Structures are given as C-alpha cells and as structure tokens.
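Worksheet: one structure, shown below.
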Number of protein chains: 2
Amino acid sequence: MPESTTGTRPTLEAVAARAGVSRATVSRVVNGNAGVRPEFADRVRQAVQELGYVPNHAARSLVTRRYGAVAVIIAEPEFRIFSDPFFEQQVRGISRELTKHDAQLVLLWVEGPGDHERIARYLGGGHVDGALAFSVHNDDGLPSVIRGTQVPTVFGGRPGWPTSDEGDSPVPYVDSDNRGGAREAVRHLVALGRERIAHISGPPDQTSALDRYDGYRDVLLDTDPALLAGGDFTEDGGAHAMAQLLQQRPDLDAVFAANDMMAIGALRVLHERGLRVPDDVAVVGFDDMLPVAANAEPPLTTIRQDVEGMGRVMVRLLMQVLNQDGPDARTEPGVRTPGSVIMPTELVRRASA
Amino acid sequence: MPESTTGTRPTLEAVAARAGVSRATVSRVVNGNAGVRPEFADRVRQAVQELGYVPNHAARSLVTRRYGAVAVIIAEPEFRIFSDPFFEQQVRGISRELTKHDAQLVLLWVEGPGDHERIARYLGGGHVDGALAFSVHNDDGLPSVIRGTQVPTVFGGRPGWPTSDEGDSPVPYVDSDNRGGAREAVRHLVALGRERIAHISGPPDQTSALDRYDGYRDVLLDTDPALLAGGDFTEDGGAHAMAQLLQQRPDLDAVFAANDMMAIGALRVLHERGLRVPDDVAVVGFDDMLPVAANAEPPLTTIRQDVEGMGRVMVRLLMQVLNQDGPDARTEPGVRTPGSVIMPTELVRRASA
DNA sequence: ATGAAAGCGCTAACAG
DNA sequence: CTGTTAGCGCTTTCAT
C-alpha cells in the first residue's frame with residue numbers, strides 16, 4: 001500500500017528507514033552508483049517504489065551545484081520569432097537533445113533591455129548549468145549581459161560581434177555553412193551556363209545574410225553592382241528586390257536569393273513579367289524551408305540546412321563545455337574551450353534551377 | 001573594487017561579514033522584510049552591491065519550498081503546434097504575466113507517451129510551483145499523469161474530459177467564450193436577413209470546435225443537416241467543406257466557419273464559383289487571426305478572442321491557486337478551489353458579412 | 001531590532 | 001561494501 005497519502009512527501013531518510021539501510025546507501029542506489037550489494041539495492045528500490053519517493057531537486061543541487069537545466073534565451077526584437085518555422089525546428093532539436101541528457105529547458109524570453117537585469121539575476125542565481133542563445137540582434141547589449149554572468153553559453157548562429165576578445169576565451173557557436181552553401185548555389189548556376197547571376201541579399205545586420213553574400217562573391221569575384229539588390233528575408237522584400245534587379249539588368253539569367261521566402265517573392269515577380277523559370281531566369285534559394293520551397297511554382301532549387309540538427313549540436317557543444325570544465329567553469333576560465341561547429345549544407349535540386 | 005573575480009560566488013555569509021551584521025539580517029534585507037534599522041539595511045545593500053551577491057536559488061527553495069518557476073506543458077500530437085500563431089500568442093501572454101510575478105517559465109515539451117514518466121518525475125521532483133497545460137488532445141493520458149503529480153495546474157482550453165470527477169476538485173481552466181461567440185456570429189448573420197446559414201465545423205475532438213457548433217445550434221435550433229459540413233481547421237479543409245455545402249444547398253446565403261483559416265478556404269471556393277461575398281453569400285469566421293482575417297478578400301468579419309489575455313489569465317488563476325493553498329497545496333486538497341474563467345469574445349465587422 | 005542556532009534533503013568524503 | 005558525519009546556502013523560530 002503506497003503511503004503517498006501521508007501528507008508530506010517522503011525523503012531519503014524515510015526510504016532508508018523502510019529499507020533498513022543508511023541514507024548514503026539509498027543515495028547510491030538512487031543515483032545508480034556502483035558498489036551496493038544487489039540484495040540491498042533491491043530492498044531500496046522497493047522502498048522507493050512503495051513510498052513513491054522522488055528526490056528533492058533543490059537539496060541535490062545545493063550540494064552538487066548541478067541543476068539539470070539549461071536556459072534557452074530568446075530575444076525578440078522581431079515580433080514573430082516564435083512562430084518562425086525555422087526557429088521552431090531549432091527549439092525542437094534543442095528540446096530533444098536536452099531530454100536525452102536529462103536536462104530541462106528553461107525558456108527565458110527577453111522582450112527588451114528592461115529584461116536584462118532579470119536575465120542576469122536568473123542566470124547568476126544558480127538555476128541552470130548553461131545557456132543557449134541566438135545571436136540574431138546584437139545591438140542591444142544582451143550578449144554581453146549573458147557573458148557577464150559567466151554561465152557557459154553556446155550561441156546559435158555566428159555572432160555579429162568579435163567572438164574572441166582579447167583575453168577572453170572565444171564564444172562557441174553553431175551555424176550552418178552559409179558561405180559554403182552560397183558558393184554551392186552560385187556554382188550550380190554557373191554550371192548551368194548562366195552568365196548574369198544576380199543576388200538578392202538579406203538584412204546586413206544578420207551574419208547569415210552577410211555570409212551568404214560573401215559566398216556569392218567568392219564565386220563571382222567581380223560582379224556588376226547592378227546585379228545586387230537587398231531584401232529583408234521576407235517575400236515582399238524579395239519581390240521588391242527582384243523588380244529592382246529587372247530594371248537594373250533586364251538581361252539577367254539567374255538569381256540567387258539569400259533565403260527561400262525572398263526567392264518566392266522573386267518567383268512571383270518573374271511570373272508577373274512573363275519570364276519563365278528556369279528557362280529565362282534560373283532561381284536558387286536558401287534554407288529549404290518546407291513546405292514553402294517544395295510547393296513553389298516551380299518547385300524551388302535551394303540549399304538545405306539541417307536546422308533541427310543545429311539545435312541538437314548546440315546542446316552537445318554545451319554539454320561538452322560543461323563536462324570539461326565542470327560545474328565551476330564559471331570560476332576558472334576553461335583551458336581548452338571547444339570550438340564552434342559549422343554544419344554542412346546541401347544543394348537540393350528541384351525545378352527552378 | 002568588485003571582488004567578483006575571487007573565484008567562488010559570494011554567499012550570504014560573505015555579505016554579512018562585509019556589512020558587519022548577521023546572516024539573518026542580510027536575509028531580511030534581501031527579502032525586503034520589514035524591521036531592519038535603515039542604517040544596517042543600507043550597509044547590507046552596499047555589501048551586496050560590492051560583492052555582486054545573488055541569492056542561491058536551490059538553497060532558498062530547499063527551505064521555502066517555493067521554486068519561483070512554473071512549467072508550461074506542451075503536448076505535440078500535431079506537428080505544428082509551436083509555429084501556430086495562436087499558440088505563440090498564448091505563450092507570450094503567459095511569459096509576460098509570469099515575469100510580472102517573478103516566476104520563470106520551464107518548458108516541458110511532450111512528444112509522446114514515452115515522455116510521460118519524465119514529466120511526472122520532473123513535476124514531482126520539486127522544480128516548479130505549478131503547471132500550465134493545454135487540453136488539446138486528451139486521449140493519450142497526459143492529463144491524468146499531470147493530475148497524478150498533485151502539482152497545481154491550470155489548463156488552457158476547456159478539457160474534453162469531465163472536469164470534476166467524483167471526489168476530486170474541479171480542474172481550473174481558461175477558455176474563450178466559444179459558444180457565446182458563435183451565437184453572436186450567427187445572430188449577426190440573422191440580423192443581416194440571411195435565412196440559409198450554413199456552418200463549417202472544426203474537428204470534433206477539440207472542445208472549441210464543439211462549443212462553436214453548439215453556439216450555432218443555440219440560434220438555429222432546427223437547421224437542415226445539409227447546411228452542415230465538417231472541416232479540420234485548415235484552409236483546405238474549409239475549401240472542401242464549402243464545396244460540399246454548395247453542392248448540398250446551392251441556395252445557401254451565409255456561412256459561419258468555426259475558424260478563420262477555414263473561412264479563408266471557403267472564401268476561395270466561393271470566389272472560384274463566381275459567388276459574391278457578401279452579396280450572394282455572407283461569411284463569418286472565428287479567431288480574428290491577424291493578419292489573415294484582415295487581409296482576406298474581402299476582409300473577414302469574425303469573432304475576436306483575446307489569446308494573449310488567455311495566457312495571462314491562466315497565470316493569474318494559477319497564482320491564485322498557489323497563494324490560496326500555499327506551497328503545500330499538493331498535500332491537502334484545497335478547500336476553496338478557484339473556478340475556471342471564460343473570456344469574452346467580440347464580433348469584428350469587416351466586409352465579408 | 002538583531003543574532004544564534006537549527007534544519008530544509010541531499011551528497012560526498014572518510015572510516016570502518 | 002556500508003554507515004557516520006559534515007556541510008551545501010539559505011530562512012526562520014526563538015532568545016536577547
């Protein structure tokens with residue numbers, strides 16, 4: 001008969017009493033430590049069962065200095081970051097990997113600089129072993145707030161600020177191979193025989209946009225500036241840029257858009273002007289954001305990145321930092337800091353190029 | 001000169017020493033307890049500042065049995081729940097209100113029954129003061145797992161299972177006035193002089209769909225079954241239902257769709273068949289999901305619900321439960337349990353009806 | 001108004 | 001292999 005109705009939750013002590021052993025032995029069994037006579041271990045496990053014992057986390061953390069929790073910090077300068085499918089996938093990857101490591105996800109939603117102090121307090125107050133942050137906008141000082149807390153942190157996406165200040169250890173991050181992927185996209189267009197390849201770039205305050213632009217330039221060393229137009233990663237932005245491009249260089253025969261949404265916008269304008277894709281103009285996107293890319297008219301050739309994988313790798317990287325430096329990583333700067341990870345991308349050929 | 005570089009983080013003890021008072025006094029100041037000589041209080045605050053002291057949460061929780069954290073449990077039978085704008089808004093509301101109450105949001109992402117044990121362990125292990133859950137699908141046993149942990153919980157959306165079993169205290173939830181809103185939608189159509197008002201209902205395993213259907217029936221007591229078609233809350237589902245309706249009752253002059261997405265689908269089909277909205281057929285949706293509703297062709301008349309508000313109210317309700325029963329609510333079932341909250345809806349008139 | 005002391009539930013040496 | 005013993009850092013009576 002379970003004594004779960006006794007009012008107060010059972011402690012280690014109670015389990016020990018019932019099993020007729022010491023608290024230490026119970027602790028060993030509960031934590032899977034070797035070196036307990038099987039007979040005793042069984043008795044303990046049974047007592048745990050009967051009492052419905054669940055270890056008290058606070059008490060444990062107090063002594064181990066481990067919290068079994070990781071903060072995911074979401075800054076939200078843009079309104080829709082949460083409903084961004086891209087972001088969702090990344091959080092999904094993080095959540096899954098965290099579960100594997102028996103760690104909890106604490107969501108820290110930052111709505112503005114007014115929240116910074118709260119974040120710092122939380123991070124500094126011994127709640128989490130580490131943090132995961134996204135380096136979208138970096139002009140608001142949040143990154144330095146995070147770094148100031150000394151909590152081991154891994155960033156998602158290459159930060160826009162210098163990742164290794166003097167003295168400081170480098171900031172680990174994981175990102176897609178934006179530059180390499182962009183190169184592959186453009187090379188594909190070149191291989192197709194295209195000679196006037198335009199580029200619709202993303203917002204210059206995002207490193208992914210910058211890196212993709214750089215990849216484009218790597219292949220097309222001295223491109224005509226008229227083949228360049230800037231967008232904002234939205235469909236309308238892409239449409240607008242495409243219109244501009246068509247005006248500047250009506251003879252263009254290909255366009256590489258820095259993301260799928262802008263490519264969709266470009267496709268729309270191309271269609272409106274009666275230009276055929278890929279016959280007149282070949283189009284390549286970036287992201288392989290499903291179902292957008294696959295259902296485009298025509299289906300979009302693009303660069304796929306493994307977003308969920310990025311999330312998982314962020315966690316693995318963090319766990320590596322934690323297990324290497326130990327829970328007191330914050331006190332003594334780690335000697336070896338694990339590097340960042342750049343995840344490979346892949347060209348997905350569909351009909352648009 | 002801040003001693004933040006001393007390696008180990010400062011404790012209450014250290015602050016006490018520096019301020020020349022006892023630990024108890026520091027504790028009082030830090031927790032804003034009255035009854036400390038201003039002079040001492042100032043000295044303490046200064047020491048806190050200088051040392052960069054942040055209270056250790058685990059130690060505090062161990063004694064207070066409060067965790068300053070609330071779990072948000074997200075079950076994910078549907079793939080896209082996270083990127084659902086509806087859901088995003090609700091979480092936003094929760095997050096904001098939680099911040100106000102100085103509580104953290106711990107995200108518990110449940111991917112299947114395999115995760116149930118983990119969830120139970122976490123909830124039972126003393127991490128959170130309460131939980132917030134969404135009662136979308138209830139056939140997988142998660143609700144009972146949650147209830148089994150005895151952690152005070154508020155549900156989002158009216159649960160589909162009985163909310164007050166024998167003996168048990170009722171499950172508090174917050175929901176929109178789906179039924180009332182539906183009634184208002186249909187009454188509006190009636191007031192417009194429409195006489196053959198069809199309804200596209202949502203999936204019957206969601207109480208919101210059921211309640212909206214009931215609202216429709218409240219007004220149209222004996223409607224022709226041919227005026228009824230079922231959808232699945234998606235645009236395509238709405239289109240399909242509309243086509244079916246048109247075949248069954250080509251003479252219909254209005255349709256109330258159980259959500260905006262289905263209304264959009266209906267609009268599309270109506271347009272394809274050359275029927276004019278609202279002249280030939282008036283259309284009303286539900287949700288007022290922006291920007292979908294406002295940008296529809298024509299702009300959609302719909303029932304607005306305050307989704308962010310629902311999130312906030314969920315938190316307030318939970319806090320009420322917590323402050324009433326105290327941290328040991330789980331041991332002794334509360335005497336007075338706060339009821340659920342039904343949030344008002346509002347008819348938003350645009351062009352479609 | 002302040003301090004001394006006890007103890008929250010657990011883990012981790014250290015003995016045995 | 002097991003038990004004893006010290007705390008982890010904080011709050012909270014209880015004296016003063």
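The chains referred to below are lettered A, B, ... by the order of the sequence lines, with proteins before strands, and numbering in each begins at 1. Keep in mind that what you see is a predicted model, and the values were worked out from it rather than measured.
- Between dG3(C) and T25(B), a contact under 4.0 Å exists linking OP1 or OP2 to a side-chain N or O.
- Remark: M319(B) CE to E97(B) CD distance equals 8.0 Å, nearest 0.5 Å.
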message: Each nucleotide in nucleotides 11-16 of chain D should get exactly one letter: B, S or -. Can you fill that in based on protein heavy atoms under 4.0 Å?
response: BBB---
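- One atom, CZ of R65(A), and another, P of dC10(D), lie 10 Å apart when rounded to the nearest Å.
- Not counting sequence neighbours, Y173(A) has no partner by the ring pair (Phe, Tyr, Trp, His ring centres under 6.0 Å) test.
- Axis angle between the ends of the helix from dA1(C)-dT16(D) to dG16(C)-dC1(D), five pairs each and rounded to 10 degrees, works out to 40°.
- The backbone N or O of A19(B) sits less than 3.5 Å from a side-chain atom of R43(B), completing a donor-acceptor pair.
- Atoms CZ (R66(A)) and C1' (dC10(C)) sit 17 Å apart, rounded to a whole Å.
- In plain terms, the two heavy atoms of L322(A) and D129(A) that are nearest each other are CD2-O, 3.2 Å.
- Rounded to whole Å, the distance from CG on N56(A) to P on dG9(C) is 7 Å.
- Distance CG (L62(B)) to P (dA6(C)): 17 Å, rounded to an integer number of Å.
- Note: NE2 (H127(B)) to P (dG9(C)) measures 16 Å, nearest angstrom.
- No close placement of the Y67(A) and H127(A) rings is indicated, their centers lying 6.0 Å or farther apart.
- With no hydrogens or angles considered, a side-chain donor-acceptor pair links N31(A) and R60(A) at under 3.5 Å.
- Partner V154(A) forms a side-chain contact (heavy atoms from CB on, under 4.5 Å) with one of V341(A), V174(A), V313(A) and no other, that one being V174(A).
- Counted within 6.0 Å of CD on Q46(A), heavy atoms from surrounding residues, nucleotides or ligands total 12 or fewer; the atom is thus considered open.
- An OP1 or OP2 oxygen of dG9(D) is reached within less than 4.0 angstrom by no side-chain nitrogen or oxygen of T11(B).
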